[in-house]
Colleague: 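Sharing a structure with you now.
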Amino acid sequence: MTEHEQAWSDAMRAANRGDAEAYAHLLQQMTGPLRRVIASDLSRLGLSISDGEDVLQEALLAIHLKRETWDETRPIVPWVRAIARHKVLDHARKNRKPANLPLESVAELLPSPEPEPTIIGGAGPFLDRLPRRQREVLRALALDGNSIREAAQRLRMSEGAVRVALHRGLSALARKLGGTS
Amino acid sequence: MKTENLIRALAKDLPDAAAKHRHPPSRQLLIAIGLSGLLVGSMIALLLAPNPHLAHGLILANAVTIAAAVILAALGFYLSLRMLHPEARINMAAFAFPLLVLLIGVAIELMQQPASSWQARLMGQDPLRCFGLVASLSLPILLAAFWVLKRGAPANPSLQGAAAGFMAAGITSTLYVLHCPEPSLLYITAWHVPAILLVAGIGALIGRRWLRW
């Protein structure tokens with residue numbers, strides 16, 4: 001990851017000044033390396049790497065919502081790495097299995113049909129449980145690819161209200177995924 | 001939701017350059033503990049009897065208590081801010097330093113005072129009241145600190161909460177000198193230190209829940 005230091009910190013500085021294009025590009029650039037370190041962390045902990053995409057999305061959400069905890073004068077890669085590690089450990093804690101599994105439950109551990117790997121576990125149904133406005137805004141912006149303005153017109157909201165609903169929806173998503181559920 | 005869709009949504013949640021910037025957490029934390037400390041300090045000054053020894057200058061017990069408590073609060077403040085960053089490596093052992101200051105003061109006191117007075121010095125007038133006041137008066141400061149620390153991404157939310165607890169209890173112990181009628185470091189060590197540890201423990205428990213991210 002360290003080879004990305006210069007590019008990532010430059011892009012994040014630009015993002016902090018409001019450059020959304022640089023920011024989207026940065027998050028895309030981070031996805032591959034993050035996916036790899038998360039998979040390796042998960043397998044080192046003896047956890048299924050099939051949950052890797054969920055953890056990746058939690059890490060991306062955390063990078064976004066906690067980006068002010070990166071100090072612009074310090075290297076960004078250790079910060080990204082620490083967030084990924086935190087999310088892996090969080091995932092491990094939530095999925096901790098009893099140390100002594102009774103024999104009959106071993107069958108449950110055999111590989112079952114893999115869930116669609118690129119869907120956050122439960123995020124589909126979770127999206128449905130968000131307040132209506134947040135759900136509609138997230139659908140429009142994330143799934144349909146609308147701009148803020150398009151979403152505002154389509155949903156008959158002000159652009160400010162769309163921004164607020166988006167931010168609240170993402171925060172709720174992060175809480176739900178990282179939370180005690 | 002696919003990861004690429006999520007990224008699309010995240011990029012749209014970026015405020016533009018004109019958006020208002022929040023104060024840095026260091027400034028916010030100073031404001032939070034300043035205001036809550038003012039509240040706690042006024043409560044001590046207005047509702048509790050003044051420390052009778054302060055009228056005659058600073059006696060050893062008060063001076064050492066202030067020194068240890070200020071160091072404790074400063075360490076708690078510094079480490080609380082460091083821990084906002086997930087990559088920070090934190091060593092809580094530094095919190096032993098103010099305790100060391102206190103223990104040196106106790107040693108001096110024991111050398112100066114006759115052994116026959118130690119028992120009375122240790123127990124004071126009303127030790128449980130002192131314990132309860134220091135612990136409970138720390139809570140407003142602790143809660144104010146949490147309100148700022150929620151912005152952070154601590155690798156260990158329990159430790160972050162404990163550090164905030166040490167900071168809050170350090171501030172309260174400093175302010176409590178305005179009232180504390182006991183002229184003994186033996187007493188302070190026996191009754192303030194457990195109260196401080198209790199506040200740190202409460203901070204760890206709350207932090208574990210509230211500072212999760």
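Scope of the values below: all heavy atoms of this structure, side chains included, with no hydrogens, waters or symmetry mates. Chain naming here is simple, since letters A, B, ... match the order of the sequence lines and numbering starts at 1 in each.
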Colleague: Non-hydrogen atoms of chain B under 4.5 Å away: do they reach the side chain of A/Leu27, the backbone, both or neither?
Modeller: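 Both the backbone and the side chain of A/Leu27 come within 4.5 Å of chain B.
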
Colleague: What do you reckon, is CD1 of A/Ile49 surrounded by more than 12 foreign heavy atoms closer than 6.0 Å?
Modeller: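 Not buried by this count: 12 neighbours or fewer within 6.0 Å.
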
Colleague: Heavy-atom pairs under 4.5 Å with chain B: which of A/Gly145, A/Ala142, A/Ser147, A/Ala22 has the most?
Modeller: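 Max contact count across the listed options: A/Ala142.
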
Colleague: Report the distance from atom CG of A/Asp54 to atom OG1 of B/Thr3, rounding to the nearest 0.5 Å.
Modeller: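 These two atoms lie 9.0 Å from each other.
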
Colleague: Let me know if A/Leu56 has heavy atoms under 4.5 Å from chain B in its side chain, its backbone, both or neither.
Modeller: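 The answer is the side chain of A/Leu56.
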
Colleague: Has the side chain of B/Lys12 got a donor or acceptor atom that lies under 3.5 Å from a matching backbone atom of A/Asn146?
Modeller: yes

Colleague: Take atom CZ in A/Arg168; do more than 12 heavy atoms of anything else shown fall under 6.0 Å from it?
Modeller: no

Colleague: Between B/Trp213 and A/Ile83, is any pair of side-chain heavy atoms under 4.5 Å apart?
Modeller: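 Yes, close enough: below the 4.5 Å cut-off.
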
Colleague: Who wins among A/His64, A/Gln28, A/Arg85 for the most heavy-atom pairs under 4.5 Å with chain B?
Modeller: A/His64

Colleague: Is any side-chain heavy atom of B/Arg212 closer than 4.5 Å to one of A/Asp90?
Modeller: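 A/Asp90 vs B/Arg212: side chains touch.
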
Colleague: What are the two closest non-hydrogen atoms of A/Thr69 and B/Ala153, and how far apart are they?
Modeller: CG2-N, 3.9 Å

Colleague: Under 4.5 Å, counting heavy-atom pairs only, tell me which of B/Arg8, B/His85, B/Glu4 racks up the most with chain A.
Modeller: B/Arg8

Colleague: Show the nearest heavy-atom pair for residues B/Asp13 and A/His167, with the distance to one decimal.
Modeller: OD2-ND1, 2.7 Å

Colleague: Below 4.5 Å from any heavy atom of chain B, which atoms of A/Arg67 appear? Answer side chain, backbone, both or neither.
Modeller: side chain

Colleague: Select one option (side chain, backbone, both, neither) describing which atoms of A/Ile63 are under 4.5 Å from chain B's heavy atoms.
Modeller: neither

Colleague: For residues A/Ala24 and B/Ala11, report the shortest heavy-atom separation together with the two atoms involved.
Modeller: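 Smallest interatomic distance, heavy atoms only, reads CB-CB, 3.6 Å.
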
Colleague: Any chance CD of B/Gln125 has more than 12 other-residue heavy atoms, nucleotides or ligands included, within less than 6.0 Å?
Modeller: no

Colleague: Measuring from A/Asp19:CG to B/Leu14:CG, what's the distance to the nearest 0.5 Å?
Modeller: 8.0 Å

Colleague: What part of A/Glu21 gets closer than 4.5 Å to chain B, counting heavy atoms only: side chain, backbone, both or neither?
Modeller: neither

Colleague: So, do B/Leu6 and A/Leu173 sit near enough that their side-chain heavy atoms are less than 4.5 Å apart?
Modeller: yes

Colleague: Would you say the side chain of B/Arg151 lies within less than 4.5 Å of the side chain of A/Glu68, judging by non-hydrogen atoms?
Modeller: yes

Colleague: Is the number of heavy atoms from other residues, nucleotides or ligands within 6.0 Å of CZ (A/Arg13) greater than 12?
Modeller: yes

Colleague: If I take atom NE2 from residue A/His25 and atom CD1 from residue B/Ile7, how far apart are they, to the nearest 0.5 angstrom?
Modeller: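 Output value for this atom pair is 11.0 Å.
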
Colleague: Kindly check if the number of other-residue, nucleotide or ligand heavy atoms within 6.0 Å of CZ (B/Arg208) is above 12?
Modeller: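 For B/Arg208, atom CZ is not crowded (no more than 12 foreign heavy atoms under 6.0 Å).
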
